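Worksheet: one structure, shown below.
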Number of protein chains: 2
Amino acid sequence: MSLRYALLSLLTGQPKTGYEIGKAFESSVGHVWHAADSQIYPELRRMEADGLLDCTAQAKGRTTRKVYAVSAAGKRALRDWLAEPDRPVRSRDPQYLRAAYLDWTTPEAARAQFEEYVRYYTEQGELLRRTRDSLLDRSHPVLAARLERLPAEQHEAVVAFKAFAYEGMLRQAEQQVAWAREGLELVDRLERSGAYAALD
Amino acid sequence: MSLRYALLSLLTGQPKTGYEIGKAFESSVGHVWHAADSQIYPELRRMEADGLLDCTAQAKGRTTRKVYAVSAAGKRALRDWLAEPDRPVRSRDPQYLRAAYLDWTTPEAARAQFEEYVRYYTEQGELLRRTRDSLLDRSHPVLAARLERLPAEQHEAVVAFKAFAYEGMLRQAEQQVAWAREGLELVDRLERSGAYAALD
DNA sequence: AGCTTCATGTAATCCGTTACATGATTCC
DNA sequence: GGAATCATGTAACGGATTACATGAAGCT
């Protein structure tokens with residue numbers, strides 16, 4: 001269901017075509033809630049059928065493109081969802097699952113896992129930091145387009161919540177990097193102490 | 001696919017019946033990879049069909065229960081999976097998604113969200129800390145049963161990786177609490193500065 | 001006699017992933 | 001003329017959630 005609200009949120013900024021949504025998604029909400037194009041197009045149709053979006057066909061050259069805008073019912077749905085109590089998601093992280101059983105594999109394989117975590121979350125953290133900064137200085141294009149259509153007194157809150165969400169994700173990523181580095185040390189320590197015994 | 005490996009990992013500790021697996025799951029791997037009973041039973045059957053588990057029917061009173069044990073192929077599969085490069089999961093967190101758009105709702109609703117996050121992750125953190133500690137002092141029943149069947153020189157690594165995984169999840173939870181508390185402050189600050197304007 | 005725990009599932013539905021599919025337009 | 005980007009999807013499959021379903025054993 002969250003994809004629906006991610007799309008709704010994105011479109012409150014500005015009406016967009018399916019394709020533009022796909023692009024804007026990747027550089028904004030998509031960091032928070034990832035979705036592929038093949039999921040986005042059908043969902044837009046369903047949302048239109050449910051009356052959450054208004055769709056107007058626009059001729060452009062020979063092809064027609066569909067511009068989607070949030071309807072009044074869509075705004076209501078978004079606002080209801082925001083106020084809804086959030087049933088927290090139960091953890092389901094393949095990484096921690098693997099980490100818990102690394103005694104089953106070789107020190108080399110264990111190290112490779114942690115190295116990959118460090119690499120991935122370092123990169124992810126950089127992306128999140130860049131994005132957060134571009135929100136704070138309001139240079140982020142999707143945000144900038146949104147702000148243009150809003151009165152100045154709302155800008156502060158709009159920016160603050162978005163930057164704050166990225167801040168949270170950024171800290172998670174940084175924490176993951178620190179954790180994975182400790183994992184590498186753990187593997188070294190266990191190997192030095194001869195704790196890696198043969199497995200059956 | 002991870003459920004399969006979660007079950008495999010759990011069963012390397014000791015053969016179990018479906019029901020025991022369900023129980024043990026809840027108090028161990030289930031913290032890391034949550035799954036409902038209705039998912040576990042069919043998956044066990046599929047794993048047996050795929051040759052990863054050996055299943056022997058045991059009469060118990062009038063009913064028969066099935067005891068599942070990891071086969072040689074199952075051990076191989078687990079080991080292969082542990083060495084496999086982990087394609088990191090793209091973020092998909094309804095919480096951050098909501099947080100990013102809280103300017104759309106009232107300060108009261110925003111506060112309620114953050115309060116709920118604080119509550120949930122505090123509780124979750126306590127559970128994770130208790131579990132980590134019971135792993136470290138080896139009093140955790142599922143772990144204790146596993147260790148009994150392993151030579152003493154392997155105990156250190158087995159315990160260390162499990163505690164380390166919980167440690168990582170614990171820090172995530174603590175970080176979430178700190179973040180949500182800052183969210184409450186943010187809402188207060190925005191409200192005081194009159195940044196909550198009327199929405200359309 | 002009634003509650004809890006043991007014991008094992010099925011069915012429907014939803015959500016997400018992967019792979020495939022097609023064609024126009026714009027820029028170089 | 002060819003590449004990138006614009007533009008919009010379908011189909012098959014897999015995995016997870018929710019709700020439903022049943023019945024015995026053991027304890028109080």
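Here is the naming used below: chain letters follow the sequence lines, and residue numbers restart at 1 for every chain. Quantities reported herein were computed from a predicted structural model and do not represent experimental measurements.
For A:D188, the salt bridge (charged side-chain N to carboxylate O under 4.0 Å, His left out) partners are A:R111, not counting sequence neighbours. For A:K162, the salt bridge (charged side-chain N to carboxylate O under 4.0 Å, His left out) test picks out B:D103, with sequence neighbours left out.
Rounding to whole angstrom units, CG of residue A:L44 and P of D:dT8 are separated by 9 Å. One can place CD of A:Q58 at 16 Å from C1' of D:dT8, the figure rounded to the nearest angstrom. In this entry the distance linking CG of B:D37 with P of D:dT17 reads 12 Å, nearest Å.
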So which protein N/O to nucleotides 5-7 of chain D N/O distances come out below 3.5 Å?
residue: D:dC6; atom: OP2; partner: A:Y19; partner atom: OH; Å: 2.2
residue: D:dC6; atom: O5'; partner: A:Y19; partner atom: OH; Å: 3.4
residue: D:dA7; atom: OP1; partner: A:K60; partner atom: NZ; Å: 3.0
residue: D:dA7; atom: OP1; partner: A:R65; partner atom: NH1; Å: 3.1
residue: D:dA7; atom: OP2; partner: A:R65; partner atom: NH1; Å: 3.4

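Pairs engaging residues 131-190 of chain B under the ring-ring contact (aromatic ring centres under 6.0 Å, His included) rule: A:F114-B:F164, A:F164-B:W179, A:W179-B:F164, B:H31-B:Y166, B:Y96-B:W179, B:F114-B:W179 [sequence neighbours left out]. Sorted by first and then second residue, the side-chain hydrogen bond (donor to acceptor under 3.5 Å, both in side chains) pairs involving residues 5-15 of chain B (not counting sequence neighbours) are B:T12-B:R146. Within the structure, every pair that satisfies the salt bridge (Lys or Arg N to Asp or Glu O under 4.0 Å) test and touches residues 169-186 of chain A, not counting sequence neighbours, is listed here: A:R129-A:E174, A:E167-A:R171, A:R171-B:E182, A:E182-B:R171. Applying the salt bridge (Lys or Arg N to Asp or Glu O under 4.0 Å) rule to pairs touching residues 90-100 of chain B yields A:E84-B:R98, A:D86-B:R98, sequence neighbours excluded.
Other cluster members for A:V67: none, since no ILVMFWY side-chain heavy atom sits under 4.5 Å from it.
Put simply, the side chain of B:T105 never gets that close to the backbone of A:L82: no donor and acceptor are under 3.5 Å apart.
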The contact string for nucleotides 14-20 of chain C, one letter per nucleotide 5' to 3', using protein heavy atoms under 4.0 Å with B, S and - for base, sugar-phosphate only and none, comes out as -SSBBB-

